[in-house]
Peer 1: 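Can you read through this structure? Questions will come right after.
Ligands are counted one by one from 1 in listed order, and the atoms in each one are counted from 1 as well. Computation of the quantities below employed the complete heavy-atom set of this structure, encompassing side-chain atoms and omitting hydrogens, waters and symmetry-equivalent molecules.
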Amino acid sequence: MRPLVCEIRLNYLRENYQILKNIHGNKLLAVVKSNAYGHGAVQCAHALHDIADGFAVAFVDEAIELRENGITKPIVVLEGVFQAAEYEAVERYDLWTAVHQQSQLEELLAYDWQKPVTVWLKMDSGMHRSGFFPHNYAAAYTALKQNLKVAKIVKMTHLACADDADRGMTEMQMEAFDLGCEGLAGEESVANSAAMLDYAETRRDWGRAGLALYGIDPFGKLSGSLKPVMRLSSKVFAERVLQPHEPIGYGASFYTKRSTRVGLVAGGYADGYPRRAGTDTPVALNGVRSRLIGRISMDMLTVELNSSQVGVGTEVELFGDMVNVNEVAHAAGTIPYEILCNIKRAKRVYLR
Ligand SMILES: *Cc1c(COP(=O)(O)O)cnc(C)c1O
């Protein structure tokens with residue numbers, strides 16, 4: 001069997017949730033959109049079910065999948081509905097739905113609710129992706145509040161630069177949010193992972209933790225108390241010795257400088273490992289760090305066998321404990337979110 005394995009350490013997921021909940025205080029949503037950032041939404045939601053205050057997904061179908069697999073805790077649909085007809089599922093599956101624009105608001109008010117609905121009303125406090133502008137927010141809030149079928153309104157905004165060293169943008173957004181919410185009663189939700197770790201003033205009634213829940217530092221750092229939930233590993237299944245000045249792989253992008261032992265590893269870009277992670281991207285061979293050399297192929301990649309201890313059969317960690325996915329993301333010119341979401345085809349192993 002092909003040795004590429006994607007381990008999901010659900011015990012780490014639980015520990016991370018508790019750590020983040022302690023940091024944020026109040027209530028914390030586990031963000032499990034995009035199949036829990038590639039970790040498996042149903043498995044992750046079940047692993048957290050007894051401790052999580054609720055879950056968040058991007059769209060209604062993601063929420064339905066959780067409900068149909070026995071998840072009974074609150075689920076927030078962060079983008080709300082795309083069509084008015086989806087409010088039927090919001091009601092049937094007892095979902096909390098975001099409202100971020102006027103058409104969604106009007107359709108929600110026009111819908112014939114059989115039981116009251118909970119709305120997460122989104123403000124655009126400066127990211128300018130979605131939400132009501134601060135100066136229109138009170139009007140949207142009031143329109144919902146006056147409708148008896150709206151059970152509860154949670155005031156929400158999203159931060160564009162919470163993981164940025166420059167604090168200016170976040171401080172501006174917080175000011176805009178607080179101003180736009182002035183005089184409007186009810187719970188609030190602001191913080192994503194980076195914000196809850198670094199900005200005390202963003203910790204309101206509900207936190208929304210994604211990346212950090214999966215054990216990855218949103219500031220690109222390598223360690224901390226969070227533990228990486230996903231570990232992607234494989235094995236060396238062939239080796240060869242190349243003389244100095246010999247090329248390796250597609251495009252002959254890498255030439256050996258000296259006599260080099262090269263290990264061929266099962267795993268490539270078709271498994272979601274980023275093709276742009278080139279020579280020098282770290283890997284760990286039986287727990288000792290080494291590096292990729294040459295280009296990533298569709299199904300295979302090549303590593304430098306840097307000690308006589310390693311060869312065919314050696315375990316190769318592509319990321320997890322010895323190599324942080326932040327390092328791979330940095331090498332590939334992307335972010336850890338993208339890499340985690342893309343991992344596929346590898347054999348999945350869920351550990352408790
Ligand atoms: C994805 C998402 C989050 C989680 O963000 P992380 O940076 O992964 O913690 C929070 N809020 C909203 C609205 C999101 O879309």
Peer 1: What's the verdict on ring-ring contact (aromatic ring centres under 6.0 Å, His included) for Tyr37 and His39, showing C-alpha distance, side-chain angles and the deciding distance?
Peer 2: CA-CA 6 Å; Tyr37 293 38; His39 294 67; 7.4 Å; no
Peer 1: What does the list of residues with a heavy atom under 4.0 Å from ligand 1 look like, ordered by chain and number?
Peer 2: Val31, Lys33, Tyr37, Leu78, His158, Asn192, Ser193, Arg208, Ala209, Gly210, Leu211, Tyr337
Peer 1: Considering only NZ, NE, NH1 and NH2 on the basic side and carboxylate oxygens on the acidic side, decide whether Lys227 and Asp321 come within less than 4.0 Å.
Peer 2: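 Salt bridge absent between Lys227 and Asp321.
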Peer 1: Does the side chain of Phe55 come within less than 4.5 Å of Ile71's, by heavy atoms?
Peer 2: yes
Peer 1: Check the side chains of Arg208 and Ser189 for a donor-acceptor pair under 3.5 angstrom, ignoring hydrogens and angles.
Peer 2: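 Present: a donor and an acceptor within the cut-off.
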Peer 1: Could you label the plane-to-plane angle of the Trp206 and Trp96 rings as parallel, tilted or perpendicular, counting under 30° as parallel and over 60° as perpendicular?
Peer 2: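 Trp206 and Trp96: perpendicular rings.
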Peer 1: We want to know whether Tyr17 and Asp53 form a side-chain donor-acceptor pair, criterion being a heavy-atom distance below 3.5 angstrom.
Peer 2: yes
